Amino acid sequence: MTEVTLLPLAILLTSLGIAPILFALPERSARLRTTINLVGASLKVCLVAWLSWKVSQGTIYGVGFEVLPGLELKLQADPLAVLFIALSSVLWLITTVYSVGYLEKGPHRARFFGFFSLCVAATVGIAMAGNLFTFLVFYELLTMATYPLVIHKGTKEALRAGRIYLIYTLAGGLVLLVGTLWLWVFAGSTDFVAGGMLGEIAAASPVQASILFLVLICGVGVKAALVPFHAWLPIAMVAPAPVSALLHAVAVVKAGAFGIMRIVYEIFGIDTAVALGVTTPLAVAAAITILYGSLRAMTQDDIKKRLAYSTVSQVSYITLGVALASPIAAVGALAHLIHQGLMKITMFMCAGNLAEGLGVKSVSAMNGVGRRMPGTMLAFSLAALAMIGLPPLAGFVSKWYLATGSLDAGQGWVIALLLGSSLLNAAYFLPMLHRAWFVDEAAESAARPAKAPIGWMLAAPPLVTAALVLIAGGLANAPFSPLEWTRFVVEIEYRE
Amino acid sequence: MPDLFALDWLALAVFVPLVGAVATVLAPRRAPALGLASVAATAACVWLLALRVVAEGPVVVQLGGWGAPLGLDLRADGLGIVMLAMTALVGLFVSLGALDTFGAHRPGAENERMRRYFWPLWLLLLAGLNGAYVSTDVFNLYVMIEVIALAAIGLTVLSGKLEAMRAGFEYMVASMLGALAFLMGVGFVYLEAGRLDFAGVAQHAGEPAMIAAFALMLVGLALKTALFPLHFWLPRAHANATAPASALLSGLVLKGSLYILLRFWIEIFQPSDLIGLIVGLMGTGAIVWGSVQALRAQRLKLLVAWSTVAQIGLMCVAFALADTIGAQAAWQGAVLLVVAHAVAKAAMFLAAGRIAEEVGHDRIAELDRTPVRPTLAQFAFALAAISLIGLPPSAGFAGKWLLMEGALRAGAVPFVVVAMVGTLFSVAYLSRPLIGFLRFDRAPAPVGEHQGWAIADAPPLVLAFAAVASGLVAAQILALTAIGAPFGAMP
């Protein structure tokens with residue numbers, strides 16, 4: 001049942017509404033700014049908790065109004081949306097604490113936090129978009145809001161990265177615009193409907209539908225960092241650590257992956273997509289991305305770049321799970337949306353802490369950091385082991401479902417891919433752990449005077465997210481765990 | 001408010017600014033107050049007229065009670081109302097900006113003179129524009145074109161600087177050539193049809209002499225609208241005028257002649273596909289050439305002026321789709337683009353003026369080097385850019401969406417590509433100043449916070465917000481446009 005209420009709007013406004021206030025605040029009112037940020041983020045988490053409860057009871061919220069003849073700007077909180085909103089709102093709260101600590105006394109904080117909350121608003125809008133048109137609107141807003149964050153440092157390198165980021169994402173947005181327009185002219189609707197809405201139309205003209213699928217996937221594939229549209233992601237790592245953490249491991253890339261889900265499940269419908277024969281190429285593209293990302297990650301010495309290539313690889317697990325067209329793999333994909341977010345944000349915050357606390361930015365300088373920053377490295381290690389897929393951590397759960405799902409779909413090669421990818425994950429994460437815990441610090445860096453210790457605002461957030469990684473994996477079968485929720489979603493998508 | 005409806009708001013919307021213009025000439029000391037009051041009163045008339053049109057449908061006024069073809073009819077339908085409302089809104093905020101630009105707090109005989117001349121010229125322009133939007137007569141439109149041109153040339157040379165004078169001279173030559181072509185067209189029409197009202201002329205549409213007449217008028221209007229390759233006068237004129245004048249010239253004046261072209265197209269001549277294609281290709285040329293020049297421009301105002309050339313081109317793409325099944329969507333898109341451009345470009349010129357005023361120059365390459373950061377003006381510029389690029393949820397986005405939808409429905413894929421290329425170009429040239437606004441690595445002095453704010457930032461900011469937010473009410477704007485079915489019945 002659909003209930004018209006303002007709850008989705010309220011959730012959007014907790015971040016969209018505070019952005020103008022944050023912009024207008026003078027640079028020096030740091031305390032007020034922090035308060036507003038935390039109140040907004042906490043309020044959102046509460047509202048999302050309420051929303052999740054109501055949605056789990058079978059209520060679907062929808063609110064919309066017509067902006068162009070026949071086209072609505074529509075927010076809709078269905079279970080799939082809740083999955084993504086819950087992820088982004090919880091991580092926004094944690095990252096806000098982290099950013100306040102990270103940017104203490106840095107320049108342009110008003111601007112930073114203003115755009116930061118705009119980003120979260122865009123992500124929430126993407127999650128709750130009730131049709132592809134609304135999705136597109138927020139997708140472009142996300143591009144505009146992230147750009148100033150990418151170039152926040154204002155250095156020549158940052159500006160170059162920003163330019164590349166803008167070229168990729170705006171081009172992707174333009175392709176998505178054409179795709180959406182085409183869909184609108186072709187099908188007369190852009191609504192997300194559980195089970196898909198293109199069934200009969202696609203059956204009537206399969207060639208056009210297939211090309212449309214390609215265009216739409218290319219449009220969202222840029223943000224999802226599908227090879228060959230991935231190059232912006234490692235370059236954009238010049239952004240400050242909290243930006244990399246929230247946006248480039250969670251919001252932006254996940255917006256792309258989420259778009260792929262919506263397009264496959266709710267525009268085409270999984271059966272139609274399979275009938276068109278477009279899922280196998282998508283799975284192959286995802287597989288290539290998984291391997292390529294991992295291989296490139298191995299050769300990176302810069303910690304953040306290595307993590308970025310790892311993201312390229314890991315996000316495609318989601319795409320792979322969608323493209324396998326099996327409900328079990330879909331559970332794995334959706335769960336990985338959450339799990340990867342938790343793991344990757346932990347690692348990025350830890351990388352930020354290493355840079356802030358010890359000035360360590362490259363893998364080769366990580367010798368002995370475990371002893372100097374045990375808390376941070378504990379969180380990092382936990383997340384890295386989860387990424388590799390060590391049971392019972394979160395990454396294992398999603399890989400397990402992906403593997404089972406591939407058998408279910410009769411695509412045995414995926415198992416080999418997953419094994420290979422896990423080996424590669426191990427190959428680029430374990431050396432980092434080895435250096436951190438087991439190699440003694442080089443003499444000259446031990447003699448270097450220690451920087452001021454990082455405050456609790458930097459130290460605590462990665463520990464919290466690492467704990468969530470543990471919980472999400474260990475208690476995967478508890479009610480309201482990410483895995484349980486994804487089962488709920490998949491039931492809906494595959495029911496049709 | 002039935003009593004209020006009884007008054008003739010339609011005629012007042014034309015005559016109030018005319019009276020205001022005379023008043024500001026007679027009492028130059030009170031010109032700002034009188035001018036602003038006239039603009040506000042005109043806006044109120046337009047508002048009340050709009051209420052009446054929404055309630056009752058198109059309004060026709062027979063001046064002197066004769067009725068066409070003998071007398072002169074004024075008519076306001078949905079399209080006319082949208083143009084009137086756009087002019088009123090933009091005009092009001094540009095007037096507020098002008099209060100500061102030509103304010104009494106700025107000393108000097110120069111400023112005294114500009115204050116004295118700005119208000120009469122602007123009010124004359126307003127009367128001419130409003131008159132054009134309600135005309136139903138070809139000769140009457142010629143008169144309005146001349147009134148608009150006279151005022152616009154005056155506004156161009158307002159600053160009295162040498163460059164402005166030169167630009168104004170070029171503008172005048174172009175404008176006179178355009179008017180001449182138009183007048184010859186009017187003569188042809190009269191010889192052929194024997195009358196000049198739209199309905200009478202439309203009966204003869206399709207006759208060879210009418211095609212020739214329309215071709216002449218098209219050239220004249222293209223000159224006035226600065227449609228590539230007849231745009232040569234525009235960049236210098238718009239870049240060298242004072243900021244409020246540029247805002248009016250770019251935001252409103254061009255739209256007057258574009259509107260006339262649109263009105264002729266749909267209501268009278270219904271030209272062949274070939275002419276539509278030619279105009280569409282001219283538009284394509286404008287997008288490419290205007291963008292390339294905007295990419296090369298060294299000064300902010302010149303960049304904004306070249307962007308106008310490109311944007312006008314995008315609007316004209318709709319003419320190529322006039323005879324297809326995508327026509328409805330394309331016309332709607334063009335109307336939205338016209339409105340979006342008027343609002344956003346006025347905001348952008350005002351903001352550029354504010355930036356140049358605070359920083360002391362408008363050389364794009366050095367805009368970030370100053371410790372003074374006119375943050376609000378830069379923010380307004382960025383918002384206006386969002387609408388001009390056509391990013392959601394701006395009105396520019398809605399317009400581009402509909403235009404592309406029309407092209408796609410008509411199967412005119414090349415024009416979809418043209419719109420996309422135009423978007424990419426606009427990102428490229430507008431990001432040149434925008435990136436400068438955001439960077440601070442080259443600042444020689446520590447960057448202060450919130451410097452360079454003034455109340456004068458309010459008009460561009462409000463307009464820029466309106467440009468972005470009005471995309472959300474695009475459906476309402478289009479519903480208003482559809483009153484009287486200017487583009488034929490809705491499907």
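Naming convention: chains lettered A, B, ... in sequence-line order (proteins, then strands); numbering from 1 in each chain. Nothing here was measured: the structure is a model prediction, and the numbers come from that model.
In this structure, no portion of A:Thr143 lies under 4.5 Å from any heavy atom of chain B. When heavy atoms are compared at a cutoff of 4.5 Å, A:Phe186 does not approach chain B at all. The contact between A:Phe65 and chain B is made entirely by side chain atoms (from C-beta outward), counting heavy-atom distances below 4.5 Å. Proximity to chain B is limited to the side chain of A:Leu71, based on heavy atoms less than 4.5 angstrom apart. Of the atoms belonging to B:Leu336, it is side-chain heavy atoms, and not backbone ones, that fall under 4.5 Å from chain A. For B:Leu402, the part lying under 4.5 angstrom from a heavy atom of chain A is the side chain only.
Under the 30°/60° scheme for interplanar angles, the aromatic rings of B:Trp401 and A:Phe133 are found to stand perpendicular.
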Go through the steps for B:Phe397 and A:Leu177 under the test side chain to side chain contact (heavy atoms under 4.5 Å, CB included), then give the verdict.
CA-CA 10 Å; B:Phe397 168 73; A:Leu177 167 69; 3.7 Å; yes

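Looking only at side-chain heavy atoms (C-beta outward), B:Leu391 and A:Leu170 come within less than 4.5 Å of each other. No side-chain heavy atom of B:Pro393 sits under 4.5 Å from any side-chain heavy atom of A:Leu73.
Of all the heavy atoms in A:Val67 and B:Ala474, the pair that sits closest is O-CB, 3.2 Å. Closest of all the heavy-atom pairs between A:Glu66 and B:Gln476 is O-OE1, 4.3 Å. Across every non-hydrogen atom of B:Pro392 and A:Met144, the tightest pair is O-CE, 3.6 Å. The shortest heavy-atom contact between A:Leu68 and B:Ala475 is N-CB, 4.1 Å.
Expressed to the nearest 0.5 Å, how far CD1 of B:Ile435 lies from OH of A:Tyr147 amounts to 3.5 Å.
Contact tally against chain B (heavy-atom pairs below 4.5 Å) for A:Leu181, A:Leu141, A:Leu166, A:Val185: the top residue is A:Leu181.
By the 6.0 Å contact criterion, CD on B:Gln298 is open, its count of non-hydrogen atoms from other residues, nucleotides or ligands being 12 or less.
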